[in-house]
Amino acid sequence: MFTFDTLIKTAALLACAGWSFASVADETASEKLRVVRQDSVPKYGLYPSEPGLCDEIYSAIGARLAEEGVHLEVNPQRLPIQRIVALLMRGDADAYCGAGTTEKREETFTYSDLPVYYTRNVLVARVNDPLQPKTLEDLVGTGEPVMAFFGTSAAARLKAVPGLMVDDGFSDVAATLKLLASKSRYRFFYYHDLGVEYLIQEHKLPLKVIYLDVPAIPQWMIYSPTLDAGIRSKVEQIIARLSEDGTLDSINKRY
């Protein structure tokens, strides 16, 4: 039987050749949905035996798309967010799981009607840092720029705070956390809790996560402007059913 573990193992074998693969075995389907994976753990799995949050969401969507004659095709490579955005804009990919909202993205892409999961943006600091901010505004005047990822919704939120210094020249979560832990000139990194909690534990870094007084942030499926409206409608109906029957909630709770 074709399982999701088989899917990821197949991806590992084909990734070096730049191939894509199907999460549903019906490759005779006349329609297909091409989805992409981000270099973000645990949103997307790093190891074949450990699929990530969005990998599981893709699997659930793909199983139901197969019932409607649509073939889910997953690019096995783990890509930076800016590359994903470019692929979607060019029509070289159709959809991506786990997008926050930014003004530019909302102008370019169609968002799913319902979020597929929620995160909270948090601050990461060294364990001995005495400052305990409650809001982003509390960081104004500290004299140090807050680290963020280029092109992310988190960076956009930082830049919306008047007077806050921001350095969004980072693109690797683990490397950024290690830099922060090394007693560099930086004091804070702003990112979502899903990624930093996992990596701090994984690498045993002397860092702490500071939860701010902010609400949970919905994360969405986004669609390429070139995606056929009929296929997008099918995906939307499936997401609604997965939300209603508790499947999305069950997946989210595992992370």
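- A heavy-atom distance below 4.5 Å is not found between the side chains of His192 and Gln219.
- Between Glu68 and Arg241 a salt bridge is recorded (basic side-chain N to carboxylate O distance below 4.0 Å).
- A heavy-atom distance below 4.5 Å is not found between the side chains of Lys43 and Thr119.
- Two residues are said to be in side-chain contact when any heavy atoms from C-beta on lie closer than 4.5 Å; Glu236 and Ser112 meet this criterion.
- Outside the 6.0 Å centre-distance limit, the rings of Phe170 and Tyr191 are not counted as a close aromatic pair.
- One N or O on the side chain of Tyr58 and one on the backbone of Cys97 form a donor-acceptor pair closer than 3.5 Å.
- More than 12 heavy atoms of other residues, nucleotides or ligands lie within 6.0 Å of CG in Asp245, so this atom counts as buried by the packing criterion.
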- Query: Could you walk me through whether Ser182 and Ser184 pass the side-chain hydrogen bond (donor to acceptor under 3.5 Å, both in side chains) check?
  - Reply: CA-CA 6 Å; Ser182 70; Ser184 67; 4.7 Å; no
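- Taking 4.5 Å as the limit, every side-chain heavy atom of His71 sits out of range of all side-chain heavy atoms of Leu65.
- Between Arg157 and Val214, every side-chain heavy-atom pair lies at or beyond the 4.5 Å cut-off.
- Residues Leu33 and Leu227 have side chains in contact (heavy-atom distance under 4.5 Å, counting atoms from C-beta outward).
- Note: the hydrophobic cluster containing Phe189 does not contain Met165 (ILVMFWY, side chain heavy atoms under 4.5 Å, direct or indirect links).
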- Query: When you look at Leu139 and Leu123, which way does the side-chain contact (heavy atoms from CB on, under 4.5 Å) test go after all the steps?
  - Reply: CA-CA 10 Å; Leu139 300 177; Leu123 282 172; 3.6 Å; yes
